[in-house]
Peer 1: 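Sharing a structure, written as structure tokens. Questions coming.
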Amino acid sequence: MEFEQFCNFLPKIELHAHLNGSLSATSLQKLGCSNEEISEYQKLAELQATEKTLNECFKLFKVAHNATKNPQAVYLATKYVIEDFYNDNVAYLELRTTPREEENMSRVEYIESVVKAIEDCDKKIIVKLLLSIDRSNNLKVEENMEVIIKMKEKYPHVIKGVDFSGNPYVGGFNPKLFQKARDSGLFVTLHCAEIKNDKEVEEILKFRPDRIGHGTFLLSNDHIWKLYLDTNIPLECCLTSNVACGTTKSYKEHHLQEWIKNSLPFTLCTDDKGVFGTTLSKELVLACQYFSLKPTDLWDMTLKTISYTFASDEEKTFLTTTLQDWKMKNHF
Ligand code: IMP
Ligand code: ZN
């Protein structure tokens with residue numbers, strides 16, 4: 001099997017995908033966006049990134065947010081994104097999204113639309129939901145967490161965790177807030193060290209989330225790096241996102257190489273496949289091109305990733321069998 005084909009057909013696991021950043025141009029079109037709006041949403045993929053690009057990136061999500069302002073549109077957006085991941089042979093997807101209140105939609109309606117689309121999915125893909133706390137919306141974080149916890153009690157089979165995301169230049173990490181989520185049985189994954197912010201990173205590492213996203217600046221300080229090594233927390237690595245946003249200079253210089261070199265836990269993810277013009281298969285190909293990973297390494301990484309998911313034991317066993325069967329069938 002050709003190498004790219006291998007990455008495409010491998011049953012994959014996606015653990016870091018934001019709903020509104022994962023919408024493809026076709027999906028945005030179906031949701032009523034104009035060509036101009038779609039070009040705006042995708043402009044980062046063509047730009048030469050600078051240190052300011054990450055800050056600019058947060059404006060682009062407005063295009064998708066404008067297209068998902070009512071429950072029906074949120075339902076369709078979720079359906080389209082799940083179909084895209086399924087078509088890329090993703091077997092297990094943890095989709096994350098920030099519950100949003102609009103003129104014609106409450107946060108509860110937003111969450112219920114996403115949950116319904118997940119429940120209605122008839123494709124062979126397991127989908128779970130993580131609800132995000134937007135760090136740049138500081139006024140409502142407590143209230144947002146209350147809603148998330150209530151919704152988890154209502155849909156425990158779908159809602160598995162919370163995420164901490166949004167513009168890292170704004171707001172800060174509040175351990176007490178996330179402890180509440182943990183006490184309610186939610187898993188916790190946090191965007192961490194996307195920019196240099198040693199104080200916050202130290203607080204996050206002391207909290208010991210179940211996973212962290214990006215981790216770009218964990219290596220910028222020996223003390224922080226040592227703290228991280230003590231935790232052994234799995235990293236959700238988003239190669240193209242980091243390069244497109246300019247937090248990493250190039251694929252070649254990406255911090256993933258330190259995880260590979262030191263056998264640290266990581267998994268490859270897309271972050272916002274619509275905004276960054278990528279797919280999970282492409283991310284796997286890139287990791288191999290730049291860090292000399294072989295197909296067997298990707299298979300091993302995927303197998304290990306099963307233990308980083310927020311799936312049930314039964315689902316983990318099912319995924320393990322799926323991967324093993326695939327390996328046998330494809331003789332490698
Ligand atoms: P949504 O939560 O489904 O609306 O997806 C888009 C949102 O995800 C953005 O408005 C951000 O709050 C968050 N997001 C997407 N990509 C990133 C990232 O790279 N860092 C931090 N937050 C992000
Ligand atoms: Zn992210």
Side-chain angles (χ1 to χ4, degrees), residues 3-4 7-8 12 14-68 77-78 80-90 93 95-98 132 134 136 163 165-169 191 194-195 213-216 236-256 267-291:
F3 181 63
E4 286 186 12
C7 293
N8 188 357
K12 292 176 283 295
E14 168 67 78
L15 299 186
H16 189 134
H18 299 266
L19 172 61
N20 281 281
S22 297
L23 285 162
S24 66
T26 315
S27 303
L28 285 175
Q29 217 163 25
K30 287 199 258 182
L31 291 167
C33 285
S34 66
N35 289 342
E36 289 72 33
E37 287 171 314
I38 295 170
S39 308
E40 173 68 15
Y41 175 78
Q42 294 185 319
K43 81 174 183 196
L44 267 199
E46 278 112 55
L47 278 185
Q48 184 68 40
T50 69
E51 277 151 29
K52 287 195 189 129
T53 311
L54 178 62
N55 223 345
E56 288 296 301
C57 173
F58 292 93
K59 295 182 195 152
L60 309 181
F61 297 113
K62 284 214 174 74
V63 172
H65 289 156
N66 283 338
T68 54
T78 310
Y80 298 151
V81 167
I82 294 172
E83 281 169 4
D84 284 349
F85 279 109
Y86 169 77
N87 290 332
D88 192 29
N89 293 311
V90 170
L93 165 67
L95 197 57
R96 59 185 73 191
T97 196
T98 322
S132 307
D134 182 355
S136 66
D163 158 53
S165 53
N167 189 340
Y169 291 101
H191 281 62
E194 203 173 356
I195 57 169
H214 299 296
T216 317
E236 299 157 359
C237 172
C238 310
L239 293 170
T240 297
S241 162
N242 297 152
V243 173
C245 290
T247 50
T248 308
K249 284 201 188 101
S250 65
Y251 287 108
K252 203 172 151 212
E253 292 160 272
H254 196 279
H255 50 285
L256 173 62
T267 187
L268 296 170
C269 311
T270 52
D271 206 11
D272 300 284
K273 70 175 184 58
V275 170
F276 303 127
T278 191
T279 63
L280 190 53
S281 295
K282 280 191 197 168
E283 296 301 301
L284 265 57
V285 171
L286 286 165
C288 296
Q289 277 175 352
Y290 287 97
F291 306 111

Peer 1: Check whether any side-chain heavy atom of Gln42 sits under 4.5 Å from a side-chain heavy atom of Leu60, and report yes or no.
Peer 2: no
Peer 1: Apply ring-ring contact (aromatic ring centres under 6.0 Å, His included) to Tyr251 and list each qualifying residue two or more places apart in sequence or on a separate chain.
Peer 2: Tyr290
Peer 1: Which pair of non-hydrogen atoms, one from Arg96 and one from Leu15, has the smallest distance, and what is that distance?
Peer 2: NH2-O, 3.0 Å
Peer 1: Decide whether Glu283 and Thr270 meet the rule of one side-chain donor and one side-chain acceptor closer than 3.5 Å.
Peer 2: no
Peer 1: Name the orientation class of the two ring planes belonging to His18 and His16 (parallel below 30°, tilted from 30 to 60°, perpendicular beyond 60°).
Peer 2: perpendicular
Peer 1: How close do Ala77 and Leu31 get, counting heavy atoms only, and between which atoms?
Peer 2: CB-CD1, 4.0 Å
Peer 1: Closest approach of Leu54 and Glu194, non-hydrogen atoms and distance?
Peer 2: CD1-OE2, 3.7 Å
Peer 1: Tell me the closest heavy-atom pair linking Cys245 and Ala49, and the distance in Å.
Peer 2: C-CB, 4.1 Å
Peer 1: Find out whether Pro168 and Phe58 are in side-chain contact, i.e. whether some heavy atom of one side chain is under 4.5 Å from a heavy atom of the other.
Peer 2: yes
Peer 1: So does Glu4 have more than 12 non-hydrogen atoms from other groups sitting under 6.0 Å from CD?
Peer 2: no
Peer 1: Go through the steps to decide whether Lys43 and Glu46 satisfy the test salt bridge (Lys or Arg N to Asp or Glu O under 4.0 Å), and finish with yes or no.
Peer 2: CA-CA 6 Å; Lys43 81 174 183 196; Glu46 278 112 55; over 6 Å; no
Peer 1: Are any side-chain N or O atoms of Asp134 and backbone N or O atoms of Ser136, one a donor and one an acceptor, separated by less than 3.5 Å?
Peer 2: yes
Peer 1: For residues 14-38, pull every pair meeting salt bridge (charged side-chain N to carboxylate O under 4.0 Å, His left out), keeping only residues two or more places apart or in separate chains.
Peer 2: none
Peer 1: Report yes or no: does Lys273 contribute a side-chain atom to a donor-acceptor pair with the main-chain N or O of Cys269 at less than 3.5 Å?
Peer 2: no
Peer 1: Output all residues satisfying ring-ring contact (aromatic ring centres under 6.0 Å, His included) with His254, sequence neighbours left out; order by chain, then residue number.
Peer 2: none
Peer 1: Quick one: does any side-chain atom of Tyr41 pair with a main-chain N or O of Ser24 as donor and acceptor, under 3.5 Å?
Peer 2: no
Peer 1: Is there a donor-acceptor contact under 3.5 Å from the side chain of Lys12 to the main chain of Asp88?
Peer 2: yes
Peer 1: Less than 4.5 Å apart, any side-chain heavy atom of Asn89 and any of Ser281?
Peer 2: no
Peer 1: Distance only, no hydrogens: is a donor on one side chain within 3.5 Å (strictly under) of an acceptor on the other, for Asp84 and Ser22?
Peer 2: no
